[in-house]
Amino acid sequence: MPGNAARADKKKAEPGIQRCVNGACGATYGLRERVYLCSRCGETLEIDCGLARPRNPESLRREWAARTSSRSALDASGVWRFRDLLPFKNNAPIVTLREGNTPLFDAPRSAKYCGLAGLRLKHQGYNPTGSFKDTGMATAVTQAAISGARTAVCASTGNTAASLAAYAARAGMQAAILLPHGQVSSSKLAQSLDYGALVLEIEGNFDACMRLVQELGDDPSIYVANSINPFRIEGQKTVAFEMMEQCGWRVPDHVVVPGGNMGNSTALGKGFQELLDLGLIRRVPKLSVIQAEGAAPLARMFAALSPRQRADFDHLPQKLEAVENPQTLATAIKIGAPVSWKKALRSVLRSGGQIISVSEQEIADAKAMIGRDSIGCEPASATTVAGIKKLVAAGHIGRKDDVVAVLTGHALKDPDYMIRYHEGTLSLGAKDEPAELKLAGAFRNAPQRVAATKAAILSSLERQR
Ligand code: F0G
């Protein structure tokens, strides 16, 4: 499957290895071995594709660009178009739904809101199931098919579920989905049902679902499709490649992403690092991750790191203190114990970026601002614009810096949140309890009831002008 580029050893049986991220352990596994955590030390794994610097990076860029005008299903995919840098053989049973190829929008109102001269938003919500998960699911489900799994399973706050349901259906494989009961938007739940997945609503939160999935992974018939699986990261890293193409290979100063289970930040960090190692870019952008205040274990750890610890990214803290009972209306990132925290932290520290958290009000208003830019996104994605505003105010991002934020999910993933924001009824916590947090919509736009007459409508128009 890989094209002409850059394999260190083309005769190798498998195009790469899986390696424990714990440098002191150094355990490696073949690509066919179904392991998610290192059997020696329990750390997560990452794939080393064994890529060597191409003699002519420009020819690789040209080939990727040329594939955009090809009619083949592989080339039409914004993931498989970059197959030269993916760990699959030529004859792999590729699964694709034309993922990737997502737009990079200018967002002038959001830029102004953040105090920036300009801001671009890379919208992964334009993927086939409406979220960034599809790029990683294309590779993960392909690997599940290679490994002969009968069932692909995932824990999810909704988007991974919808994506796995779609890709497993395409591959003719059973999908089993563990969702925290009552904590997933109905749009996402509806998608999983429609794609024919077995949906299991668990009495517990996402972290409990994630623990169960890891237990299920011991069964040889079951393949874990969460981002703990390094094959997910491989597909998701292609977003960095596509973004660089869209930026004309001029590296932005900052790339900003939301943080939940930390697969996305891990993947972008890996993507940029590989481009650097291959000589396709000269530096990596500063990668910053934004969490919701009530579900921000990594932002909390980051804030407590000394400057020396921040510089020593080869010796990361061993343990992340989980948030026991995470709370946020951005349900996609309502996660207290992210599995890929170490890989993400290493990427952020290596790039010189930040990990911070933002409040519910900040997320809600940033989301409305992204809507005013005629772009829109789901709440979790809006942490980026809220976070950028804060990072500009704190001087971590310069007003004239070149900034790209990654929007992870489509606006229609959570219409209920939008309606409640605009009607002014958005709140977090039990209704009428003292702890209830009521959110004011700074950019409220409630529907108006008008009489069925031309005069009434004209008078409404006049009032809004
Ligand atoms: N944004 C959206 C819309 C998401 O659905 C998620 C994660 C994230 C951001 C965070 O990305 O986990 O890679 O750091 N959703 C997962 C799910 C947990 O199950 O759909 P991350």
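Counting starts at 1 for both ligands and their atoms, in listed order. The chain is numbered in sequence order, starting from 1. These numbers come from the heavy atoms of this one structure, side chains and all, not from hydrogens, waters or symmetry mates.
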If you count heavy atoms of other groups shown closer than 6.0 angstrom to [atom1] of [X], is the number above 12?
| X | atom1 | value |
| --- | --- | --- |
| Arg98 | CZ | no |
| Glu321 | CD | no |
| Arg350 | CZ | yes |

Under-4.0 Å heavy-atom contact with ligand 1, by part of [X] that carries it:
| X | answer |
| --- | --- |
| Ile335 | side chain |
| Ile333 | side chain |
| Ala380 | side chain |

Close side-chain approach of Asp414 and Ser187, heavy atoms under 4.5 Å = no

Between Tyr223 and Arg34, is any pair of side-chain heavy atoms under 4.5 Å apart?
->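 Contact flag for Tyr223/Arg34 side chains = yes.
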
Which heavy atom of the protein is the closest neighbour of [atom], given with residue, atom name and distance?
| atom | result |
| --- | --- |
| atom 17 (C) of ligand 1 | Thr160 OG1, 2.9 Å |
| atom 7 (C) of ligand 1 | Lys133 NZ, 2.9 Å |
| atom 12 (O) of ligand 1 | Asn261 N, 2.7 Å |
| atom 11 (O) of ligand 1 | Phe132 CZ, 3.3 Å |
| atom 9 (C) of ligand 1 | Thr408 OG1, 3.5 Å |

Would you please name every residue forming a ring pair (Phe, Tyr, Trp, His ring centres under 6.0 Å) with Phe82, sequence neighbours left out?
-> Trp64, Phe241

All ring pair (Phe, Tyr, Trp, His ring centres under 6.0 Å) counterparts of Tyr126, not counting sequence neighbours |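 If we apply the ring pair (Phe, Tyr, Trp, His ring centres under 6.0 Å) test to Tyr126, skipping adjacent residues, the hits are Phe105, His123.
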
Is a salt bridge present between Arg81 and Glu245, judged by a nitrogen-to-oxygen distance below 4.0 Å?
-> yes

Carboxylate-amine/guanidinium proximity below 4.0 Å for Asp207 and Arg211 = no

Any N/O of [X] closer than 3.5 Å to an N/O of ligand 1?
| X | answer |
| --- | --- |
| Gly263 | yes |
| Pro258 | no |
| Ser381 | no |
| Lys188 | no |
| Asn159 | yes |

Identity of the nearest option to atom 13 (O) of ligand 1, non-hydrogen atoms only, from Asn264, Val257, Ile233 | Asn264

With respect to atom 14 (O) of ligand 1, which of Met262, Glu378, Lys334, Lys413 exhibits the smallest heavy-atom separation?
-> Met262

Using a strict cut-off of 4.0 Å, indicate which atoms of ligand 1 neighbour a heavy atom of [X].
| X | answer |
| --- | --- |
| Gly259 | 14 (O) |
| Ser156 | 17 (C), 19 (O), 20 (O) |
| Ala332 | 2 (C), 3 (C), 4 (C), 5 (O), 6 (C), 7 (C), 15 (N), 18 (C) |

Cation-pi geometry met for Lys389 and Tyr113 (6.0 Å, 45°) = yes

Cation over ring, Arg310 on Phe302, under 6.0 Å and within 45°?
-> yes

